[in-house]
Number of protein chains: 2
Amino acid sequence: MVEVSGSAPSPRTQRAGQRPGGTGPRVTKRRAETRERLLAAAFGVFAERGFGRVGIEEVCEAAGYTRGAFYSNFDSLDELFFALYEQQAGHTLAQVNEALAGASADEGLPALIDRVVNALRIDRTWVLVRTDFLLHAARNPEVAAALIRHREAMRETVQPVVRDMIDPAAMPPGLREPQALTAAIIDIHDAAAAKLLLEPDLTALRPWLRDLLTALLSPSR
Amino acid sequence: MVEVSGSAPSPRTQRAGQRPGGTGPRVTKRRAETRERLLAAAFGVFAERGFGRVGIEEVCEAAGYTRGAFYSNFDSLDELFFALYEQQAGHTLAQVNEALAGASADEGLPALIDRVVNALRIDRTWVLVRTDFLLHAARNPEVAAALIRHREAMRETVQPVVRDMIDPAAMPPGLREPQALTAAIIDIHDAAAAKLLLEPDLTALRPWLRDLLTALLSPSR
DNA sequence: TGCATCCGATACATCTATGTATCGAAGCAG
DNA sequence: CTGCTTCGATACATAGATGTATCGGATGCA
């Protein structure tokens, strides 16, 4: 059903290609370029119209190619969508990593919360695409597995910081394990992001998230 | 673009119909039946395949009709989707109303939380359809307006209970207004529901929601 | 029961999307 | 520069979805 192999460069019509030594496809400069532009175009088109309503030609047109280029790089829209998600999710993860890099236990909780809140990728188009992908995953177990894998990676990135900064004893029952607590924080982040879909005003978003995290994490009121 | 008039019975080809007195269409028994079955079938098909990937014929086939029946009752899939959402959202609202009906301040907070948690409509198909609708709304301002309206109605249903049961002074800053607090509770509910999409195991869901609400609402730990 | 009306099935025309086969052109190796 | 490989455009064949016009049967009312 859905190709989950994913991030392979996937040269499609491998007629003769691939020189004997087992090294990758021979020509690669132009190919990488068009692949990139196809992904970028797909991002925009998916955000605007929704994955389900987008056709292959639409993506190609937005990228300045014809369908020939598409079929040379991907097998299906599903595959492109998957590659796009992996690319963007990786980007997001790197961003969070960077934002949390300098965290130290001395800063105190409010500073950490600020740090997290400011690391938020408040990009409505990304939320649109990501939610579309979530629905896609909800209907395709193999895609879901990849999505869950990525959520795990995100949790593992955030968890050490949470563990260092928060006193488990001060947390309510059920959230005393750093694992569960971190997961809850990420879930709340997701809920905040979802609010962007209906209310594009992002000035209200950061305070909302800050308030909720503060309410959840502050031992004293 | 999208007909938002919505819930009108909308007799399509109103050739001659509608007797002079201004009363509705004359024949109505069979019509109501097929409309209902079309909606029910659409619910299933949308949940399974996603709004964007569903065609009109698919809905009709699932309902046991042909496209003739569809075009006699709706103008477009968008219109049917809208009607479907209103129907189901109304149903959900009624359910919450009922669950909260007997709430009294004597019960105490844990009992209220249990009440809320148990009122949850843990229906994965409904979450699928609802999320699809959310995305649909995110891309169509008029649909978004209707969705926001419904969220308001939900908040107004829940708010009196929250106001009676919770001491604002015990809440963290930013959530002291019953309005904001109630909205946050509903948002958390939505986040919980979204978890159903990736992890269909609903036994884990209720505890998760209970823990989070408890953490948020309990003045003392 | 008879009749005027409406509902939904059928058939048709149109439009769009998909996938494949083929070919000229660009890119890289020697 | 030359020749070979690959990329991506073009053209074609096919499949599916949409909307409309029309018709027979069902339905409600007198």
Side-chain angles (χ1 to χ4, degrees), chain A residues 1 3 9-39 41-42 45-46 49-81, chain B residues 1-3 9-21 23-39 41-42 45-46 49-81:
Chain A
M1 188 152 286
E3 260 278 14
S10 65
R12 287 299 131 212
T13 40
Q14 227 168 50
R15 296 180 238 264
Q18 204 123 356
R19 43 149 76 99
T23 24
R26 202 173 109 201
V27 179
T28 179
K29 183 80 183 304
R30 189 167 52 141
R31 192 176 185 77
E33 173 79 8
T34 65
R35 190 184 157 92
E36 205 51 42
R37 286 174 58 186
L38 280 172
L39 286 172
V45 176
F46 285 166
R49 304 229 313 134
F51 175 56
R53 296 226 168 279
V54 168
I56 291 174
E57 181 135 38
E58 210 172 337
V59 174
C60 297
E61 196 177 352
Y65 292 99
T66 64
R67 287 210 315 286
F70 177 90
Y71 283 109
S72 170
N73 281 275
F74 302 95
D75 273 342
S76 64
L77 255 196
D78 275 18
E79 187 187 317
L80 179 148
F81 195 25
Chain B
M1 186 155 287
V2 175
E3 260 278 14
S10 64
R12 287 299 130 212
T13 40
Q14 226 168 51
R15 298 178 236 265
Q18 204 127 354
R19 44 148 76 98
T23 24
R26 202 174 110 202
V27 179
T28 178
K29 182 81 182 306
R30 188 167 54 141
R31 191 177 186 76
E33 174 79 8
T34 65
R35 190 185 157 92
E36 205 51 41
R37 286 175 57 188
L38 280 173
L39 286 172
V45 176
F46 285 166
R49 304 227 315 134
F51 175 56
R53 296 226 167 280
V54 169
I56 291 174
E57 180 134 39
E58 211 173 337
V59 173
C60 297
E61 196 177 353
Y65 293 99
T66 64
R67 290 210 313 288
F70 177 89
Y71 283 109
S72 170
N73 281 274
F74 302 94
D75 273 342
S76 64
L77 256 196
D78 275 19
E79 185 187 319
L80 179 149
F81 196 24

Inset, instruction - Whole angstrom is fine here: how far is it from CD in A:Glu33 over to C1' in C:dA26? - result: 14 Å
Legend entry - Point-to-point distance, once rounded to the nearest 0.5 Å, from CD of A:Glu33 to CG of A:Leu38: 10.5 Å
Inset, instruction - Between C:dA9, D:dG8, C:dC7, spot the one nearest the side chain of A:Asn73, thanks. - result: D:dG8
Inset, instruction - Look at the side chain of A:Thr66 and decide which nucleotide, out of C:dT10, D:dG8, D:dA9, has an atom nearest to it. - result: D:dA9
Legend entry - Side chains of A:Leu77 and A:Phe46 in contact at under 4.5 Å (non-hydrogen atoms): yes
Legend entry - B:Glu58 side-chain N/O to B:Val54 backbone N/O, donor-acceptor pair under 3.5 Å: no
Inset, instruction - Return the value, rounded to whole Å, for the distance between atom CZ of A:Phe74 and atom P of D:dG8. - result: 11 Å
Legend entry - Closest listed nucleotide, where the reference is the side chain of A:Ala69 and the choices are D:dA26, D:dC7, D:dA9: D:dA9
Check: protein-nucleotides 19-21 of chain D nitrogen or oxygen pairs below 3.5 Å:
from	atom 1	to	atom 2	distance (Å)
D:dG19	OP2	B:Tyr71	OH	2.5
D:dG19	N7	B:Arg67	NH2	3.2
D:dG19	O6	B:Arg67	NH2	2.3

Inset, instruction - Whole angstrom is fine here: how far is it from NZ in A:Lys29 over to C1' in D:dC7? - result: 14 Å
Inset, instruction - For residues B:Ile56 and B:Phe74, determine if any side-chain heavy atom of one lies less than 4.5 Å from a side-chain heavy atom of the other. - result: no
Legend entry - Closest non-hydrogen atom pair between A:Phe70 and A:Cys60, with its separation: CB-SG, 3.4 Å
Legend entry - Whole-Å gap separating P (D:dG16) and CZ (B:Arg49): 12 Å
Inset, instruction - Could you check how far CD of A:Glu61 sits from C1' of D:dG8, rounded to whole Å? - result: 16 Å
Legend entry - Atom pair distance, as rounded to whole Å: CZ in B:Arg30 and C1' in C:dA9: 11 Å
Inset, instruction - Say whether, by atom type as modelled, one donor and one acceptor occur between the side chain of B:Arg67 and the main chain of B:Glu57 under 3.5 angstrom. - result: no
Legend entry - Distance (rounded to the nearest 0.5 Å) between A:Asp78 CG and A:Phe51 CZ: 4.5 Å
Legend entry - Per A:Glu57 side chain, nearest of listed nucleotides C:dT18, C:dG8, C:dA9: C:dT18
Legend entry - A:Arg31 CZ - C:dC28 C1' separation (whole Å): 15 Å
Inset, instruction - Go through D:dC7, D:dG25, D:dT10 for me and flag the one nearest to the A:Ser72 side chain. - result: D:dC7
